[in-house]
There are 2 protein chains.
Amino acid sequence: MGRSPMNREDTTKNRILAAAGPIFAQRGFQQATVREICDAADVNLASINYYFGDKQQLYIDSVILAREQRAQQFPFPSWSDDTLPEVKLRKFVGMLLKRVVVMQTIPWQVQLLMREILNPTEACRQLVEDYFRPIFDRLLRIVDELAEQPLTDLRRTQIGFSIIGQCLHYRFSAGVISLMVQEDQREECFDWDELTHHITEFSLAAIRNLGSHVAVKSSPRTSETH
Amino acid sequence: MGRSPMNREDTTKNRILAAAGPIFAQRGFQQATVREICDAADVNLASINYYFGDKQQLYIDSVILAREQRAQQFPFPSWSDDTLPEVKLRKFVGMLLKRVVVMQTIPWQVQLLMREILNPTEACRQLVEDYFRPIFDRLLRIVDELAEQPLTDLRRTQIGFSIIGQCLHYRFSAGVISLMVQEDQREECFDWDELTHHITEFSLAAIRNLGSHVAVKSSPRTSETH
DNA sequence: AGCTGTATGAAACAACTGTTTAACTCAAAA
DNA sequence: TTTTGAGTTAAACAGTTGTTTCATACAGCT
């Protein structure tokens, strides 16, 4: 009875959660103050300790909420069995970019998840198992389809990270990229269509050529005296 | 006369700078306390305000110092005019990875520069102009050499970010990657030789195939209904 | 010696932090 | 009505923060 029958109720606890997410995302765990959150939520200062025990537990609950809301907002693309792997890769890249890449203002959920990637806390291990690994596994299956021959585990993983890395770079380094490109190029530089196209084609070209050209790691020593 | 003739002097100011860098890097600007820094530097609590005015100016000076020391530690690779662009790319990737990629413990300079990339402050604009842009320009010149035909500005930039992104991913997402791969794969996953080889070959394959296959952006609309 | 200006030291300051306390409200049960 | 107990409130608490103050130390100078 005490438990919330609906999750959208305007209870004190929900009001705190709704206010805490964006504030933690923008200012980080340490910089965000409980007074700030309580003011924004329009609740009493003691409410956080009453409902969550302490500030850290509220943070953990906020991270979980961010993950849930974000996955729900951009669900994983679906495809039939006869879908070309090239198309699957494009859809995957497009999904990833939509979830993380800049769209004028950064959604607080993305910002909060970024903080966990960069500075893993308690909440991160669970995040990896429940969220990142399933996504990554699906990507690796696409890569397997695209490759002309069986890949070693290491090579598979490397290719996966190369694709993910290209995508996330536009989020993690967004500030530097903005300073780097001229003003008139900035918009098309972060354009979703443009990015999806480029990263997909770049990765496809790499996987195709990698398989046919240097399938086996030839030089065990690639020292810089090359 | 008042200015330091040698930079390596064991002055109070230098001792503060030497202590501040690692602490700022590990704990961030806000979390790092002036008391902590002064204790580590074995100077009086008031010294920071005396020599740097306030905490923020000390932080800015620390970022500048990190950049200088890091560039000096791994200078840009040199090559003659007839060096193959493929070799240049390998050297570039290797240099970048050496500067940023995990080597057991992260150097504090890298950690501090990361913080600036992710959360740009005052110190970042200067960092981009003096440090990132020259590096990026050299990369773009290599890309030009590798491409079989002239590239548009946008395409050039995109390829550059694809390469940088692959490298930085192993730093920014290092925590998540460690949680992602099995324990027995972790070492070779972060191995410098292995990484340099993969990212170089992946990017080379992409650039070659990209130029010959879909040199011109064919579809202005690549919506997800593809 | 006496003066001068830089450097250091211990202490205090004022503001802010997360958390706790104890009084209070008020609907539902007895 | 009385009692109960979860929810709310304002105030206080104890600790930490960056910064300032002011006394002192001491070298280089006249």
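A, B, ... follow the sequence lines: proteins, then strands. Residue 1 opens every chain.
From N44(B), atom CG reaches atom CD1 of I16(B) across 9.5 Å, with rounding to the nearest 0.5 Å. Q158(A) CD to I163(A) CD1: the interatomic distance, rounded to the nearest 0.5 Å, is 12.5 Å.
R35(A) places its CZ atom 16 Å from the P atom of dT17(D), with the value rounded to the nearest Å. Summarising the geometry, the separation between CG on D42(B) and P on dA10(C) is reported as 11 Å, rounded to the nearest angstrom. If you measure from atom CD of Q30(B) to atom P of dG18(C), you get 11 Å, rounded to the nearest angstrom. Remark: C1' of dT19(C) and CG of L58(A) are 14 Å apart, rounded to the nearest angstrom. One interatomic measurement links the two molecules: CZ of F29(B) to C1' of dG18(D), which rounds to 9 Å at whole-angstrom precision.
Nucleic acid contact class of S47(B) (heavy atoms, under 4.0 Å, all strands): none. In this structure, L45(A) reaches the bases: a heavy-atom distance under 4.0 Å links it to at least one base atom across the strands shown.
Checked against the 6.0 Å centroid criterion, the rings of F161(A) and F136(A) qualify as a close aromatic pair.
Checking the phosphate oxygens (OP1, OP2) of dT8(C), no side-chain nitrogen or oxygen of Y50(B) falls inside 4.0 Å. Listed pair Y51(B) / dT8(C) meets the phosphate criterion, a side-chain N or O lying under 4.0 Å from OP1 or OP2.
Of the residues near DNA chain C, Q31(A) and N44(A), the one whose nearest nucleotide (by heavy atom distance) lies more toward the 5' end is Q31(A).
At a threshold of 4.5 Å between non-hydrogen side-chain atoms, the residues F24(A) and L58(A) count as touching.
Distances were taken from every side-chain heavy atom of A46(B) (C-beta onward) to each of dG18(D), dT19(C), dG9(C); the shortest belongs to dG9(C).
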